[in-house]
2 protein chains.
Amino acid sequence: MDKMKERKLSILRAIIQDYIITAEPIGSRTIAKKYNLGVSAATIRNEMADLEEMGLLIQPHTSAGRVPSEKAYRLYVDQLMQIKKLDEIVEKSIRDSYKQYVEQIEKSIELTAKLLAQLTSYTSLVLTPEIRSLNCKLVQLIRIQDERILMVIITKENVVKNHEIVLSQSVEEAELTKLTNILNYFIKDLDISMINSELIKEIDQLSIKENQFLQDIISNLKNVLLDSDNKNTLYSNGMTNLLNYPEFNDIDKVKHFLEIFQEKQTIAELLKNYANGTHIVIGNENTISQFKDCSLLTATYQFNGQNLGTIGVVGPIRMNYDHVVSVLAFLSQELNKQINQNRYSKNTDER
Amino acid sequence: MDKMKERKLSILRAIIQDYIITAEPIGSRTIAKKYNLGVSAATIRNEMADLEEMGLLIQPHTSAGRVPSEKAYRLYVDQLMQIKKLDEIVEKSIRDSYKQYVEQIEKSIELTAKLLAQLTSYTSLVLTPEIRSLNCKLVQLIRIQDERILMVIITKENVVKNHEIVLSQSVEEAELTKLTNILNYFIKDLDISMINSELIKEIDQLSIKENQFLQDIISNLKNVLLDSDNKNTLYSNGMTNLLNYPEFNDIDKVKHFLEIFQEKQTIAELLKNYANGTHIVIGNENTISQFKDCSLLTATYQFNGQNLGTIGVVGPIRMNYDHVVSVLAFLSQELNKQINQNRYSKNTDER
DNA sequence: CCTTAGCACTCGACCTTATAGAGTGCTAAC
DNA sequence: GTTAGCACTCTATAAGGTCGAGTGCTAAGG
């Protein structure tokens, strides 16, 4: 009984692996010949009929071979696949490419998107850290012109964010310096959630005008940190990679798929649902209609143990899951190293 | 003689305008019926034969109608087309959308890309200002950590640019403030080309350490202003729009076309060739192979009379030239207003 | 001499039909 | 339980046929 089941699984695995490569329905003969399972095509045929009954295989039509169902892929990724380590040479070359961007988070993240697409031949999705999840290290106010000022926010993770503010009245250079100092005195190392009205009260001893400025600025700061416009952005690469796969031979499908990439915010929102651990989302398990014909694999990267963002790959359901999982694991690990190295040294021990 | 030529041109215009809409070879009957030229199909047939001999029309095969050649489009845009003003209502709604981003150059430019794509149903290309062409108003140095500092550059046009610098040794807060002041004293209102070694000599009276910092910073500043990595970036919108047109029904064409959009720098370089006035580049007149099947229309936007960047539209050769020209003209004009308004008021009168 | 109606001709688009072959399910023998 | 054999199914591909839009040419008319 168990042995039989074993054989069924072997056959299923063979079919899936073959289909991932060929994208064409697999017949019993093919399996019997290519994979040495020690049984004849007829036996395999019987097993395949069983597997079909179990909802794991689908026959496009009577006289065609069989194709794995989404349920089969689910089974495959949960139980059947064996993840291999990446090639040493590949790993080395990846590490080398990261080296050129040491300490440059943004660049490293962008690179990750490029590498993901290159290494998998699918489409990569990489979410940048959401600034609300970070901790302010420093806020600098710079006078642009009259009542327009630039607010530069630097987080502990050394992520930099600019934001222009228009105040209700003109501000002088000296005043701004003072405001910057006050702001930093209170804000330094604070979590966003602690920047609240109490803070404003604490600084009531300032002149009315300065107080007004500060309120303006703080409300802007909160907006930057919390608002939609400044949410995490998405890097994506290799959109055209998918056009190489026969499942995207249909122009309408391509259009439907590419359109979602015009609205990157939607994808960003989606990825945020997978903000911890790794996920494999197959076909109709996807909530976004554009991804119903695709599979999405995700992993995350961290700073100081805290999740910063999600990296992922979209491809056809007939995806090389083993390989993508390896690539994601390795890249997320390298990106972690890249972000975390040397950062504990001085300023970030307290908390 | 001249009258005959007149009729030929009318027929050609009719064919082109019809083909722009239908994308199908036009027969003599169609022209005779749809466009009241007062002559019979037979006459038109004769004229069409002439036009073909002149290289202005092409017959896909013997028993098909005729299609305009690229030469015909060239003639059309040079002599035949009549540009109409945009609809008042449309113009108003465009102006309204700009209003939300008053004084925010970057946002306004992004909006322009979006509007261009929406209004034309083609793909838009919008180049941001190249910072080298701008004039520094202010440079602010912010200490991130140890020897890492952030350089924020603000130009007269209020374009903001960040750049991280790693110095050869650690720097203190106070030192950095001093350096910022020195830098600004010299740099203010200077054209990039004037930030040179002479400047460095002028400040030789500083301590060796500070001098070293300053040299580091200035060389970095020059890099930002001149280097490839900081060249103008490209906004693009409506890439999928083109998939609606029958000339892009071929997956391979789509792939070929979309691939160039992965390498935006190439397109940016291309657009820089059209940095003044308006241009219409038809089909094989394009230097980029990906655009050989397309036409590219460009215009520019200015600050204080100086060209800042290029805006453009790519679409099928069978493009609605009249309309695109109108849209480009209007948007470039509105973008100009948006950028130039209120900016002369205070700081930018000298020069 | 230019214009136009008439007509035979051309050729791709599309539909129909025929054929080949991959793959199946079933049966009977091992 | 496994396997060889075989009739059957169904798609993909090719081949042939028809239709119609559009042409070029000719000859008649203003």
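So that the names make sense, note that chain A is the first sequence line, chain B the second, and so on, each numbered from 1.
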Hey, could you give me each pair passing side-chain hydrogen bond (donor to acceptor under 3.5 Å, both in side chains) that has a residue in residues 72-81 of chain B? Not counting sequence neighbours. Gln17(B)-Tyr76(B), Arg74(B)-Asp78(B), Arg74(B)-Glu285(B), Tyr76(B)-Asp322(B)
State which residues pass salt bridge (charged side-chain N to carboxylate O under 4.0 Å, His left out) with Glu52(A); sequence neighbours excluded, sorted by chain then number. Arg66(A)
Base-contact (B) and sugar-phosphate-only (S) positions in nucleotides 17-30 of chain D, heavy-atom cut-off under 4.0 Å, - elsewhere: ----BSBBB-----
Name all residues meeting the salt bridge (charged side-chain N to carboxylate O under 4.0 Å, His left out) criterion together with Glu259(A); count only those two or more places apart in sequence or in a different chain, and write none if there are none. none
Whole-Å gap separating P (dG1(D)) and CZ (Arg7(A)): 10 Å
Expressed as a whole number of angstroms, how long is the span from Ile44(A):CD1 to dA4(D):P? 11 Å
Taken to the nearest whole Å, CG/Leu57(A) to P/dG23(C) is 14 Å
Give the rounded distance in Å between these two atoms: CD of Glu24(A) and P of dA12(D). 10 Å
Please enumerate all residues that pass salt bridge (charged side-chain N to carboxylate O under 4.0 Å, His left out) together with Glu247(A), with sequence neighbours excluded. Arg318(A)
Just jot down the salt bridge (charged side-chain N to carboxylate O under 4.0 Å, His left out) partners of Glu88(B), sequence neighbours excluded, or say none. Lys85(B)
Measure from CG on Asp18(A) to P on dA22(C) and round the result to the nearest Å. 16 Å
Give the rounded distance in Å between these two atoms: NZ of Lys8(A) and C1' of dT2(D). 14 Å
In terms of ring plane angle, is the pair Phe291(B) and Phe257(B) parallel, tilted or perpendicular, where the classes change at 30° and 60°? tilted
